[in-house]
Structure formats: structure tokens, C-alpha cells
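Working notes for the structure below.
From a predicted model like this one, the values you see are computed outputs, not experimental measurements. Below, each value reflects all heavy atoms present in this structure, side chains not excepted, and no hydrogens, waters or symmetry copies.
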Amino acid sequence: MPSNGEQQPPGKGDQEPSGGSGPDSPSQGQRGSSQRPPTPPQQKPSAESSGSEPPEYTVYRSRRGLLSRLRSADVSSLRERARRSYRRLGRGGQKADDQPATAPKPLLKRTLKWIALAAAVWVAISFLAFAVSAQLQEFKLAGGAKDALHGNPFLLVKPQTILVMGTDARPPDTKEPGAAPAQKCFDQQSHGDAPHGGCSQGQFRADSLMLIRAGGGHFRKLSIPRDSFAEVPGHEPQKINAAYAFGGAALQIRTIEKFLGIQIDHVVIIDFTGFQDFIDAIGGVKVDVPQKLCADISGGSGNGQGGVTLHLAKGENTLDGTKALAYARIREPSPCPGTGKSAFATGYDDRDRAKAQQAVIAGIKGRLTSPLRLPYNFIHGPLIGWNAPQAFVSDMGFFTMPQLILSSVVGGSNTNVLCTEVPTPCSPGPLGSTEVPQSERQRAVNKLLG
């Protein structure tokens, strides 16, 4: 043994005393250099190698926010997420590479979707054309006419009274009798201005006068004969249509209000050129002619004056823009060729003329509202949308005018003309006019207002 007291490791031949079990004594498995190294602890086979058990994993849960604690659990989103995961994976939890993630949409469904989108765009273009055109026409109305009105733009909420007028002025470049001497004079009467700046008073009168009661589920019409004897504010009593020649649309509005005892809410001044274009855009109008009718308007079509010759059979007739305007303007019919009675033989006056004008209005309504005309109106939508407001100058812009059209659809059709009762209560008046008694006026107003 060494002298310093340190323990010398046993040699190869040394014998370890038996029974040593102290804490510093090596274990039996650790003796000598020939003893085996300790066996490592066994590990459980992984799921990848065995394929029988899923791998172990730890689930971590984040802390819920303040707002999420107040909401109820969204189970539907979890179910949807599980369904998407199931579709992405095949059987046995493996991704199905040969199966698409989502099935392609059917061709018919995609086609219908694009057709619906194109139709919506086309309708939007048509409405935009209508809105722009209507607003441009509203700007043309004379300020005095706007100040004389009492209406508001909400036509559907409550019925309002609309005055529809046509004048006997014609553009200066036409060959028809009564053409305006200058363009500015024609613009004044077409916009409802009183004559001024070299344009003489008394030159252009109202050619037709009609009241429409529209809105609130109603649509009624009342025609006023243009030769009705009436008091014109600031002038001598005379034919009612003379008010337009003196003071434009504003004076005509005040004259009719005094004549019938009602308020005028909106005004429409017919533009004859735009009127023809509009009727052509909707494919013409159908009118029911009560008896055979022939007429030469503004000298007829063969005299070089730009006139129109009409030969209309009894019953239904389809008229284009030129013929429809001529039919509404007939004052004195001419003899018809052939046999059979015609309007020339039976008589034709302003009351018949007023009925013809209402028939044209009804024909326009029929073209716009008939289900059979829907494909045509849809295809020509932008053209109709632009030309419709060009047919008149009015205070009703793009917001109120569609309400008038809708009122004509849902309100039915109720027409009335002064002095058409049998026997007629009206009588001849001074200066070739027609005297309309107060009782007849009140009857017509009651029917108009409902």
C-alpha cells in the first residue's frame, strides 16, 4: 500500500472483498474493464414506424380577449373548417392528390351569372341615359314657370296635378305655316318663356291643354278645349290658350288655376321634334280610331310645305312618330276616298282632337308597360331612356319623372274631356270660343281629383 494513504485501484489480479456494500463500493455490474456499459432506457416506437398509434402532441390554448369573452361560441365556423379539411384530405388522413380541392362550378351556372351581370349593367346604362337627359330638359324650363308651381318631387306619396301643354310654334327651318321667325323666338316658347327681345306677343298659343292627376295610386286625365272662354289675368277674357302667347307657361298656369279653381303642381311642355323621336324609339304607338279619318296637316305631304297626309281606317292603327303627332294635331279632317262614313262627314271638333291626344298618350303608356314589349324595350333601353325626356321640357327631373311613369303603370287609365256630356252643357261663346259653365268645370274637377 502506498505510504500517503491513497487507495490504489485494483489491478487485474486483485480480488475484491466479498460482501462490500458501502456507499463507495462499486456495484457488481461496474467491475473491471470487461463489464458491459449500462443499457439505455427503452423508447416507445413512434406512430410513423408502427402506424398504430398517433403521435403525442401538446395542445396550447391562448387567452381569450375581452370582446371574445362577451360573444357566444361560434360553432358554425368550426364545423365549416372541419368540412373543408375533410374535403382536402382523402381516406386515412392522407391528402387526395388525384381529387381536386373544390369541384368546378357548372358551366350553366357561370353563364347565367354573367348574363345577369350584363343585364344589370345594361339597365344601369339605360337609367343613366334617362337621368342625364331628364336633368338637361329640366334646366331649360323658364324660371317664371317654376315659380308658378306648387308641387314637390315626391309624386308617389301623394297625388299631384300636372299641366301638359303643346304649342303651335314650329322651328324656323321648317316649311310648315306658323314657323318661328327666329330661333330665339322658338326657344322662348319651347322653354315656357314670355315673349321678349323682339319676339312679339300673341304669336304662339297653346295648341293643346291637358291635366294629369298622378301619384298615390292614381292616374287620371282631363283635356281642356283650347277655345274655352276664360279670364286671362292682366288681359281681356278670351280663348284660354291665348294666355301662353302673352305670358308663356307661367301665365297659362295661373289662367287654368283660376278657370278650374285648382293648383298646378308640375308642368310639361311638349317638344314636337323630341316627341316624334321618342315614339319612333319605342316602335310607334297603337291607337283606336273611332271612325275613318283623313286629314292634310300643314298642307299635306304633296305641297312642299313639310306637311303630313293621314289616311286612318276605323279601328286599331299603328302610328310612327310623324303620324302620331299629326293625328294629335288634326283640327279639320278632309274627305276620305272610298265608301263609308268618315270624320269629315260626321263632324270633328276640339273635343275629338282632345280625345285623339289622350289616345296617343295611352298608346305610349301601352308600349312602355306591355309585358310583350319587354324584350324590345330592354334591347333599346338606352335609346328610349335618352329620347323619353327629350320629348318635353318639364320641372320634373330624373327623380320625379320615373315616379310619373310608375304612377301611370299602377294607376290605371281614366280619361275625361270638358263639354263631352250628352247633352252638352257648353255653348258657343264670344270670338268663336266655347262657354263652359261653372257646373261643368266643377264636375270635371271632381272627377279629376277623385
Side-chain angles (χ1 to χ4, degrees), residues 116 118-141 145-146 149-166 191-192 210-221 249 264-271 274-285 321 358 360-415 448 450:
V121 172
W122 191 249
V123 171
I125 294 174
S126 303
F127 184 79
L128 181 62
F130 178 88
V132 173
S133 181
Q135 204 61 35
L136 291 175
Q137 293 300 98
E138 181 185 3
F139 293 151
K140 296 179 181 179
L141 184 63
K146 292 181 180 179
L149 300 172
H150 307 277
N152 60 74
F154 303 102
L155 195 64
L156 287 178
V157 178
K158 185 179 179 181
Q160 300 183 48
T161 304
I162 304 164
L163 173 60
V164 181
M165 296 183 292
H191 298 168
M210 181 189 301
L211 293 176
I212 296 178
R213 185 71 171 175
H218 302 285
F219 192 81
R220 305 185 186 96
K221 300 186 291 290
I264 304 299
D265 300 311
H266 301 282
V267 66
V268 172
I269 304 174
I270 300 296
D271 181 284
F275 186 78
Q276 296 180 69
D277 294 339
F278 172 54
I279 291 182
D280 289 336
I282 62 177
V285 295
Q358 293 197 7
V360 173
I361 298 296
I364 295 174
K365 174 186 173 182
R367 287 296 200 186
L368 293 177
T369 59
S370 172
L372 299 178
R373 299 291 298 178
L374 183 60
Y376 180 94
N377 294 338
F378 174 78
I379 294 173
H380 298 82
L383 182 63
I384 296 175
W386 178 262
N387 283 316
Q390 296 295 314
F392 42 78
V393 174
S394 174
D395 67 298
M396 296 181 289
F398 74 93
F399 181 75
T400 309
M401 191 59 64
Q403 299 179 58
L404 174 62
I405 298 174
L406 184 59
S407 297
S408 69
V409 175
V410 302
S413 180
N414 188 305
T415 62
L448 175 68

Rounding to 0.5 Å, atoms CG (D280) and CZ (F275) come to a distance of 10.5 Å
Roughly how far, to the nearest 0.5 Å, is the CG atom of L141 from the CE atom of M396? 10.0 Å
For residues Q137 and P389, report the shortest heavy-atom separation together with the two atoms involved. CG-O, 3.1 Å
side-chain contact (heavy atoms from CB on, under 4.5 Å) evaluation trace for L149 with I264: CA-CA 6 Å; L149 300 172; I264 304 299; 4.0 Å; yes
Shortest non-hydrogen contact between A214 and L404, atoms and distance: CB-CD1, 3.7 Å
Does V267 offer a backbone N or O that forms a donor-acceptor pair with the side chain of S394 under 3.5 Å? yes
Show which side-chain atoms of residues 380-388 pair as donor or acceptor with protein atoms under 3.5 Å away, not counting sequence neighbours.
| unit_1 | atom_1 | unit_2 | atom_2 | d |
| --- | --- | --- | --- | --- |
| H380 | ND1 | Y376 | O | 2.9 |
| N387 | ND2 | L383 | O | 3.1 |

Flag side-chain contact, heavy atom, 4.5 Å: F219 against I212: yes
Shortest non-hydrogen contact from Q403 to L156? OE1-N, 3.0 Å
Backbone N or O of K365 within a donor-acceptor pair of the T369 side chain at under 3.5 Å? yes
Heavy-atom closest contact (F398 atom, Q135 atom, distance): CD2-OE1, 2.8 Å
Please tell me if the side chains of M210 and I361 come closer than 4.5 Å, counting only heavy atoms from C-beta onward. yes
CD1 of I162 to NZ of K221, rounded to nearest 0.5 Å, is 11.5 Å
What pair of heavy atoms forms the shortest contact from F154 to Q160, and how long is it? O-NE2, 3.4 Å
H150 side chain vs H266 backbone, donor-acceptor pair below 3.5 Å: no
Once rounded to the nearest 0.5 Å, what's the spacing between atom CZ of F392 and atom CG of D271? 10.0 Å
Closest contact, heavy atoms only, N377 versus R367: ND2-O, 3.0 Å
Would you confirm whether R220, through its side chain, and L448, through its main-chain N or O, come within 3.5 Å as a donor-acceptor pair? yes
Answer yes or no: is there a donor N or O on one side and an acceptor on the other, between the side chain of Q390 and the main chain of F278, under 3.5 Å? no
Using modelled atom types and a 3.5 Å cut-off, is there a donor and acceptor pairing between side-chain atoms of T400 and backbone atoms of P153? yes
Please round to the nearest 0.5 Å and tell me the distance separating atom CE of M165 and atom CG of L211. 10.5 Å
